[in-house]
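Below is one structure, written out as structure tokens; the observations come after it.
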Amino acid sequence: ARRSLDQAKFATDVFDSVPVALSMRDLEGRYLFANRQWERYYGHQREQVIGTSPRSRASTKEADALLGMDRSAIEAGPGVTLPPMDFQLRERRYLQTRTAMADSQGKLLGVLTASIDTTERYTMEQQLALEQRRSALVVRAAGLGILDWDGVTRTAYYSPRFKEILRYAPDTDTSAWPEYFDLVHPEDRPWVYDKFRGHIMGKGPEGAQ
């Protein structure tokens, strides 16, 4: 009995140490377990939620979504982790995975959910997408040809206007195009390359730093 208690305490300490919110609900949707990170994420003490359903705290729509994802995990079978899914609860967003758990005899016990708070990342992605749309509008309005060159993969993105400048259709597939510098006239190539490299490697006000 003492050994079993020690093993249970060890398992709880391990679950509480991970930076992922873990919870488990039974086949009826009632909480069986929640770790410390789950408490931090969702603002509830686990002692208060064990034995209860999400319906006692979340809206009908939110609870239906949670329990619906639980059913999908149960239908997938024990030990099968479903692909990560985005879930929004009030003003926060989470990336969740679900796995149906079974005992040593294969009897289903419930669904283990692992959650990561992605609110800040999602906000940054939305802001970045907005800035990209604004930049695209400016580029189109100015009629500029834009080259976006990745020095690590040595790949390039050519804007539709850039393709038109080179006498190609705006929707031309450029995946088979040679490296950008190979498109430059041979007489101009050394000068263009030197200026390009000087800008990338420069440390002064004219450099990319």
Side-chain angles (χ1 to χ4, degrees), residues 17-22 37-38 40-42 62 65-66 68-69 72-73 75-77 79-99 112-209:
S17 69
V18 298
V20 177
L22 299 174
Q37 188 71 351
W38 185 93
R40 299 188 187 103
Y41 273 8
Y42 300 106
E62 292 167 340
L66 285 171
M69 290 187 284
S72 296
E75 293 170 358
V80 178
T81 301
L82 297 183
M85 299 181 65
D86 283 312
F87 178 73
Q88 183 168 355
L89 183 64
R90 300 180 182 88
E91 73 280 0
R92 308 296 295 181
R93 299 186 69 92
Y94 304 93
L95 189 66
Q96 297 184 334
T97 61
R98 282 174 168 73
T99 307
L112 178 69
T113 301
S115 304
I116 297 177
D117 191 331
T118 59
T119 306
E120 283 72 23
R121 188 190 72 179
Y122 177 81
T123 301
M124 292 178 61
E125 289 175 348
Q126 293 298 105
Q127 291 174 344
L128 177 60
L130 177 60
E131 291 302 320
Q132 289 175 334
R133 289 195 294 270
R134 288 172 175 170
S135 297
L137 287 172
V138 171
V139 169
R140 285 200 297 270
L144 298 174
I146 299 296
L147 161 67
D148 185 359
W149 187 72
D150 188 326
V152 177
T153 62
R154 301 189 74 83
T155 57
Y157 162 78
Y158 302 97
S159 70
R161 178 57 183 150
F162 195 102
K163 298 174 189 177
E164 290 178 334
I165 292 173
L166 296 180
R167 305 296 189 268
Y168 289 93
D171 58 351
T172 298
D173 179 12
T174 63
S175 59
W177 280 20
E179 188 169 280
Y180 164 70
F181 298 107
D182 292 336
L183 300 176
V184 180
H185 192 281
E187 294 181 3
D188 297 327
R189 194 174 301 153
W191 178 85
V192 172
Y193 182 82
D194 287 344
K195 295 291 288 185
F196 192 90
R197 180 178 175 82
H199 176 73
I200 295 299
M201 303 300 292
K203 300 297 183 182
E206 294 183 358
Q209 301 186 25

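Below, each value reflects all heavy atoms present in this structure, side chains not excepted, and no hydrogens, waters or symmetry copies.
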Query raised in the report: Do Ser115 and Phe87 come close enough that some side-chain heavy atom pair is under 4.5 Å?
Result: no
Report task. Establish, from distance only, whether the side-chain atoms of Arg92 and Thr119 form a donor-acceptor pair under 3.5 Å. Result -> yes
Query raised in the report: In Å, rounded to the nearest 0.5 Å, how long is the span from CE of Met85 to OG1 of Thr113?
Result: 11.0 Å
Requested in this report: Kindly give the heavy-atom pair with the smallest separation between Leu22 and Ala114, and that separation in Å.
Outcome: CD2-CB, 3.7 Å
In residues 186-194, what donor-acceptor pairs under 3.5 Å come from side-chain atoms, sequence neighbours left out?
residue : atom : partner : partner atom : Å
Arg189  : NE   : Phe181  : O            : 2.8
Arg189  : NE   : Val184  : O            : 3.4
Arg189  : NH2  : Val184  : O            : 2.9

Query - ring pair (Phe, Tyr, Trp, His ring centres under 6.0 Å) partners of residues 124-154, not counting sequence neighbours, each pair once - result: Trp149-Phe196
Query raised in the report: Can you name the closest pair of heavy atoms from Leu183 and Pro178 and give their distance?
Result: CD2-CG, 3.7 Å
Requested in this report: Could you tell me the separation between the CZ atom of Arg93 and the CD atom of Gln126, rounded to the nearest 0.5 Å?
Outcome: 7.5 Å
Query raised in the report: Atom OG1 of Thr174 and atom OH of Tyr157: how far apart are they, to the nearest 0.5 Å?
Result: 9.0 Å
Query raised in the report: Do Leu66 and Arg98 have side-chain heavy atoms sitting under 4.5 Å apart?
Result: yes
Query raised in the report: What's the spacing between Thr155 OG1 and Asp150 CG if we round to 0.5 Å?
Result: 4.5 Å
Query raised in the report: Can you name the closest pair of heavy atoms from Leu147 and Ala156 and give their distance?
Result: CD1-CB, 3.6 Å
Query raised in the report: side-chain hydrogen bond (donor to acceptor under 3.5 Å, both in side chains): which pairs involve residues 158-170, sequence neighbours left out?
Result: Arg161-Glu164
Query raised in the report: So Gln127 and Leu130, side-chain contact (heavy atoms from CB on, under 4.5 Å) or not? Walk me through it.
Result: CA-CA 5 Å; Gln127 291 174 344; Leu130 177 60; 5.6 Å; no
Report task. Ignoring hydrogens and angles, tell me if any N or O in the side chain of Tyr41 forms a donor-acceptor pair with the backbone of Asp117 under 3.5 Å. Result -> yes
**Report entry** Nearest heavy-atom neighbours spanning Ala76 and Val80
**Finding:** O-CG2, 3.5 Å
Report summary line: Interatomic distance, OG1@Thr118 vs OH@Tyr94, rounded to 0.5 Å, equals 9.0 Å
Query - Interatomic spacing from OH in Tyr122 to CG in Asp86 - rounded to 0.5 Å - result: 8.5 Å
**Report entry** Residue pair Leu82 / Thr97, side-chain heavy-atom distance below 4.5 Å
**Finding:** no
Query raised in the report: If you draw a 6.0 Å radius around CZ in Arg197, do more than 12 non-hydrogen atoms from other residues or ligands fall strictly inside?
Result: no
